[in-house]
Amino acid sequence: MTTPELPTQYAPADVEAPSYERWVAAGHFGASAVDGREPYSIVLPPPNVTGSLHVGHALDHSIQDVLTRRARMQGNATLWLPGMDHAGIATQNVVERELAKDGLSRHDLGREAFVNRVWQWKEESGGRILGQMKKLGDGVDWSRERFTMDEGLSRAVQTIFKRLFDDGLIYRANRIINWCPRCLTALSDIEVEHQEDEGELVSIRYGDGDDAIVVATTRAETMLGDTAVAVHPSDERYAHLIGREVELPLTGRRIPIVADDHVDPAFGTGAVKVTPAHDPNDFEIGRRHDLPSLAIMDERGVITAHGPFQGLDRFEARPAVVAALRAEGRIVAEKRPYLHSVGHCSRCKTVVEPRLSLQWFVNVSPLAKAAGDAVRDGRTRIHPPELAKRYFDWVDDMHDWCISRQLWWGHRIPVWYGPEGEVVCVGPDDEIPEGYTQDPDVLDTWFSSGLWPFSTLGWPEQTDDLKKFYPTTVLVTGYDILFFWVARMMMFGLYAMDGQPPFKTVALHGMVRDQFGKKMSKSFGNVIDPLDWIERYGADATRFTLLRGANPGSDVAISEDWAAGSRNFCNKIWNATRFALMNGAVSDGLPEELTAADRWILSRLHSVVSLVDTAFDDFEFAKISDSLYHFAWDEVCDWYLELAKIQIAGGGQVAENTKRVLGHVFDALLRLLHPLIPFVTEELWRAVTGKESIVVAPWPAHDPALADPGAESEIEAVQNLVTEVRRFRSDQGLKPGQRVAARLSLSGTATAAHEDAIRSLLRLDPSGETFTPTARLAVGTVIVEIDTAGAIDVAAERKRLEKDLAVAKKEQAQVTGKLGNEQFMAKAPDDVVAKVRARAAQAVEDIARLEAQLASLPQV
RNA sequence: GGGCGGUUAGCUCAGCGGUAGAGCACUCGCCUUACAAGCGAGGGGUCACUGGUUCGAACCCAGUACCGCCCA
């Protein structure tokens with residue numbers, strides 16, 4: 001490409017899709033198990049096939065893309081493996097809603113037809129996500145795309161189920177589980193969201209006279225299923241009642257009063273009703289006292305107990321029961337509203353009903369212990385480390401995991417029942433015994449996504465992929481699913497892979513929030529669609545905005561303004577590179593002879609490479625983005641390009657050399673930026689180098705030999721001088737373009753060799769024969785005399801000088817205070833004392849200079 | 001109730017023992033031929049509060065207040 005083809009504004013839409021297609025076609029993202037280089041592997045946390053990518057995914061994917069793009073440039077055998085999970089409940093819900101539009105339920109279709117219907121939906125919905133990933137620029141290996149319901153992954157599910165079953169770690173039991181009466185399935189503990197809801201607390205008197213006992217409840221309707229009242233064994237108020245029976249109102253049943261250690265005597269009246277079939281704690285009490293469990297609701301939460309309440313929904317039954325009790329004079333107290341914690345289905349927000357039912361469970365204790373130990377002994381590192389505690393709290397106190405779901409969409413439980421009640425767990429290659437029927441339930445989606453880091457690599461076969469890429473290098477995900485998902489992968493990975501954890505590092509990021517740090521929510525109307533931003537600002541700008549705010553483990557606030565800022569940055573890079581190309585920048589190695597400006601920018605480049613490399617070690621994407629942003633904009637664009645203009649304008653060998661330095665700097669800068677903003681850098685880098693793709697270019701090497709403190713201080717001195725004089729010009733109302741005559745006394749200072757550059761940057765003409773300065777500036781030891789071509793604004797100048805003088809005097813006071821402090825002089829380290837001494841000297845000099853300048857101002 | 005994190009410029013956040021920083025927003029001046037998605041200059045902070053440690057604290061320690069998150 002030749003320069004004139006680059007327009008003055010970067011147009012992401014023209015560049016993104018073609019670049020992405022070219023990358024994929026060239027096979028740049030493909031990984032190979034026979035690649036002899038160091039492996040670097042990441043498995044993408046699979047998005048739900050039902051959903052679409054939101055801005056949180058955009059952050060998660062951007063981070064993984066940055067890591068893998070850099071790893072690839074560093075010469076690793078790099079794998080980023082994409083895929084989706086089947087999201088059992090969510091997907092089934094979506095398809096059932098579709099059916100409901102036609103007045104159909106899944107039962108009308110039957111299991112097989114329904115599942116086929118879901119597969120159809122999966123094709124549609126999954127395709128949308130893939131398209132979104134391409135728009136973001138995700139450099140994933142599409143040839144390895146996986147889906148949790150694929151044949152291979154299903155085989156993995158069945159294999160591990162059988163192995164756990166045979167090891168006695170999977171069992172079936174009648175337990176109180178979390179039940180969603182709308183989804184009609186069991187849920188695990190973590191699929192229940194607790195929130196403070198307004199309810200009621202009703203105190204009910206059971207029994208009469210001496211036998212009367214008052215219990216308090218937020219769920220009055222469950223009293224229909226009470227089979228006891230419990231009190232604490234040492235509670236003297238009730239000692240005389242223990243072992244006796246009391247009549248349960250409305251039912252006429254007589255129930256025992258039992259003593260149980262788990263009753264809190266300080267809560268309410270100290271007596272609690274016991275409903276073993278509808279409350280997990282009561283279930284335990286029931287077990288300890290051998291109480292019957294009386295179920296009073298069906299799977300939809302409708303009362304089945306005989307009597308006037310039969311057929312009422314649980315929420316209709318509640319006031320009805322209270323009213324009936326009140327009519328009998330049994331309501332002793334009522335508190336309304338009463339704030340208490342209520343569990344909701346994380347999928348549909350329905351209030352969860354504890355329900356006694358027969359379900360499959362994983363005995364997690366040995367698995368969870370191994371998962372904790374792997375982090376404790378450093379085989380897996382959680383980053384940032386503060387979040388490891390949350391992980392430990394969870395795995396060290398994990399309850400058995402209910403894995404059966406009463407759904408049709410998912411991996412069916414590989415257990416078959418014989419006519420005589422035989423139970424057989426069937427492995428993928430086992431034969432199913434004649435006449436047996438399969439368990440109707442499917443497995444929790446997390447059961448299959450827990451296998452993701454190795455099932456996607458071909459497990460249970462010992463594939464080359466598995467050998468090459470497991471354990472994966474790093475897992476990138478939000479801290480919110482540390483125990484939903486990460487802990488499960490740890491448990492299964494360690495179990496299936498002989499104690500090898502699935503990842504060397506777990507890098508956690510935060511949630512994406514709006515510009516005020518508020519959570520994004522549809523009802524609040526502050527949701528940002530990443531695809532919308534990609535269209536309006538470009539994929540690079542979208543990514544850069546997210547990455548620039550991404551500090552390890554902490555939330556990321558973003559706003560439209562910042563996306564515009566990122567777009568501006570991309571445009572800046574675009575134009576700067578365009579300028580370099582217009583001036584003949586070539587990247588074919590550095591010249592022998594370098595100017596101070598050249599050595600300065602190379603020194604700065606070297607130091608930013610080192611800074612970026614260090615930040616990568618700790619996943620400090622904000623720091624990476626920020627240092628590159630400032631290096632590119634403040635140092636390359638604002639100063640080096642301006643200095644290079646002068647060097648090129650001078651012609652000769654220096655001009656030729658400058659073109660090569662420009663080429664070198666932009667080549668390196670674009671490569672450093674590429675993982676963050678892949679599209680614009682690809683387009684520009686191809687133009688600068690004429691090579692095929694930056695995707696496979698090497699990551700810039702950190703070269704300490706380029707460090708040049710001498711050049712740095714020389715150019716800094718030039719910058720200081722130029723800034724000071726610009727400030728004077730601005731205060732004096734001189735237009736930026738207006739040329740004025742000046743006399744510079746630079747000899748003996750660090751700026752001595754740069755008069756041409758200084759004059760050019762400041763638009764100062766040489767002082768001629770008739771030069772008569774109207775203003776005299778002292779910047780350090782440099783004297784600048786200027787003919788401002790008119791009367792100078794004395795008031796403005798006085799104000800400026802007085803301000804500077806006040807600052808200098810404050811500094812002097814502070815610093816001399818320190819030097820006069822014996823303790824400080826005795827105890828502070830030498831280098832600090834030396835620094836303070838230097839500051840003191842500087843302050844004295846500044847004050848003298850500023851006072852002299854003030855004195856020389858004409859009196860008004 | 002238990003735990004974790006936070007409180008620094010108008011907003012979002014860096015800084016974590018030795019001269020308070022960035023982006024955006026704001027003010028002023030500029031279409032200075034790479035870029036107005038830009039250039040130059042500028043204003044703005046008792047670093048939540050109270051004690052302590054230290055020659056020295058935004059930074060370390062203790063407590064208080066408020067905010068957020070996780071778990072029960």
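Computed from a predicted structure; not experimentally measured. A note on names: the letters A, B, ... follow the listed sequences, proteins ahead of strands, and every chain is numbered from 1.
One finds a side-chain N or O of A/Asn568 lying less than 4.0 angstrom from the OP1 or OP2 phosphate oxygen of B/G38. Distances shorter than 4.0 Å separate none of the side-chain N or O atoms of A/Trp639 from OP1 or OP2 on B/G40. The phosphate of B/G42 (OP1 or OP2) has a side-chain N or O of A/Arg727 nearer than 4.0 angstrom. The phosphate of B/A34 (OP1 or OP2) has no side-chain N or O of A/Lys572 nearer than 4.0 angstrom.
Two residues, A/Arg763 and A/Asn571, neighbour RNA chain B, and the one matched to the more 5' nucleotide by heavy-atom proximity is A/Arg763. Sequence order on RNA chain B of the closest nucleotides to A/Arg800 and A/Ser559 puts A/Ser559 first from the 5' end.
Screening residues 548-570 of chain A for ring pair (Phe, Tyr, Trp, His ring centres under 6.0 Å) gives A/Phe544-A/Phe569, A/Phe569-A/Tyr629 as the qualifying pairs, with residues at least two apart or on separate chains. Among residue pairs with one or both ends in residues 838-848 of chain A, those qualifying as salt bridge (Lys or Arg N to Asp or Glu O under 4.0 Å) are A/Glu811-A/Arg839, A/Asp846-A/Arg849; sequence neighbours excluded.
For A/Arg567 and B/A37, a side-chain-to-base donor-acceptor distance below 3.5 Å is present, hydrogens and geometry of angles not being considered.
In this structure, the side chain of A/Tyr10 does not engage the main chain of A/Arg567 through any donor-acceptor pair within 3.5 Å. Without hydrogens or angle criteria, A/Ser62 side chain to A/Ala58 main chain gives a donor-acceptor distance under 3.5 Å. A/Arg729 places a side-chain N or O within 3.5 Å of a backbone atom of A/Leu762 that can act as its donor or acceptor partner. Here the side chain of A/His383 pairs no donor or acceptor atom with the backbone of A/Pro385 at under 3.5 angstrom.
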Legend entry - Stepwise salt bridge (Lys or Arg N to Asp or Glu O under 4.0 Å) test for A/Lys389 and A/Asp393: CA-CA 6 Å; A/Lys389 194 178 181 319; A/Asp393 286 350; 3.5 Å; yes
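Residues that satisfy the salt bridge (charged side-chain N to carboxylate O under 4.0 Å, His left out) test with A/Asp396, not counting sequence neighbours, are A/Arg376. Residues meeting the salt bridge (charged side-chain N to carboxylate O under 4.0 Å, His left out) test with A/Glu535, sequence neighbours left out: none. By the salt bridge (charged side-chain N to carboxylate O under 4.0 Å, His left out) test, A/Glu797 is found to be paired with no residue, residues two or more places apart in sequence or in another chain being considered. Listed by chain and number, the residues in a side chain to side chain contact (heavy atoms under 4.5 Å, CB included) with A/Val586 are A/Asp588, A/Arg660 (sequence neighbours excluded). Applying the salt bridge (charged side-chain N to carboxylate O under 4.0 Å, His left out) criterion to A/Lys645, with sequence neighbours excluded, gives A/Glu642.
For the P atoms, the distance linking B/G10 with B/G44 amounts to 12 Å, nearest Å. For the P atoms, the distance from B/A62 to B/A22 is 32 Å, rounded to whole Å. Across B/G51 and B/A9, the matching C1' atoms stand 27 Å from one another, rounded to whole Å. Straight-line distance between the C1' atoms of B/C60 and B/C24: roughly 33 Å, to the nearest whole Å. Between B/G68 and B/C13, the distance separating the two P atoms is 14 Å to the nearest Å. Between the C1' atoms of B/G6 and B/C59, the separation comes to 15 Å (whole Å). Taking atom C1' in both B/G21 and B/C30, one finds a spacing of 27 Å when rounded to whole Å.
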Nucleotide N/O to protein N/O under 3.5 Å, stretch nucleotides 25-31 of chain B:
from  : atom 1 : to       : atom 2 : distance (Å)
B/C30 : OP1    : A/Lys735 : NZ     : 3.2

Can you give me the N/O atom pairs linking the protein to nucleotides 14-18 of chain B at distances under 3.5 Å, or say none if there are none?
none

Could I get a table of every N or O pair under 3.5 Å where one atom is in the protein and the other is in nucleotides 8-11 of chain B?
from  : atom 1 : to       : atom 2 : distance (Å)
B/C11 : O2'    : A/Gln515 : O      : 3.0

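In the set B/G3, B/U12, B/G42, the nucleotide with an atom closest to the side chain of A/Lys389 is B/G3. Comparing B/C39, B/C55, B/G23 by their closest approach to the side chain of A/Trp633 singles out B/C39.
A side chain to side chain contact (heavy atoms under 4.5 Å, CB included) with A/Val486 is found for one member of A/Val375, A/Ile382, A/Thr477 and no other, namely A/Thr477.
Stems are defined here as 3 or more consecutive Watson-Crick or G-U wobble pairs with pairing distances under 3.5 Å; those involving RNA chain B are B:1-7 with B:65-71, B:10-13 with B:21-24, B:26-30 with B:38-42, B:48-52 with B:60-64.
Rounded to an integer number of Å, the gap from CZ of A/Arg726 to P of B/G42 is 11 Å.
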Legend entry - Sugar-phosphate or base contact per nucleotide [nucleotides 66-72 of chain B; S, B, -; heavy atom under 4.0 Å]: ---BSS-
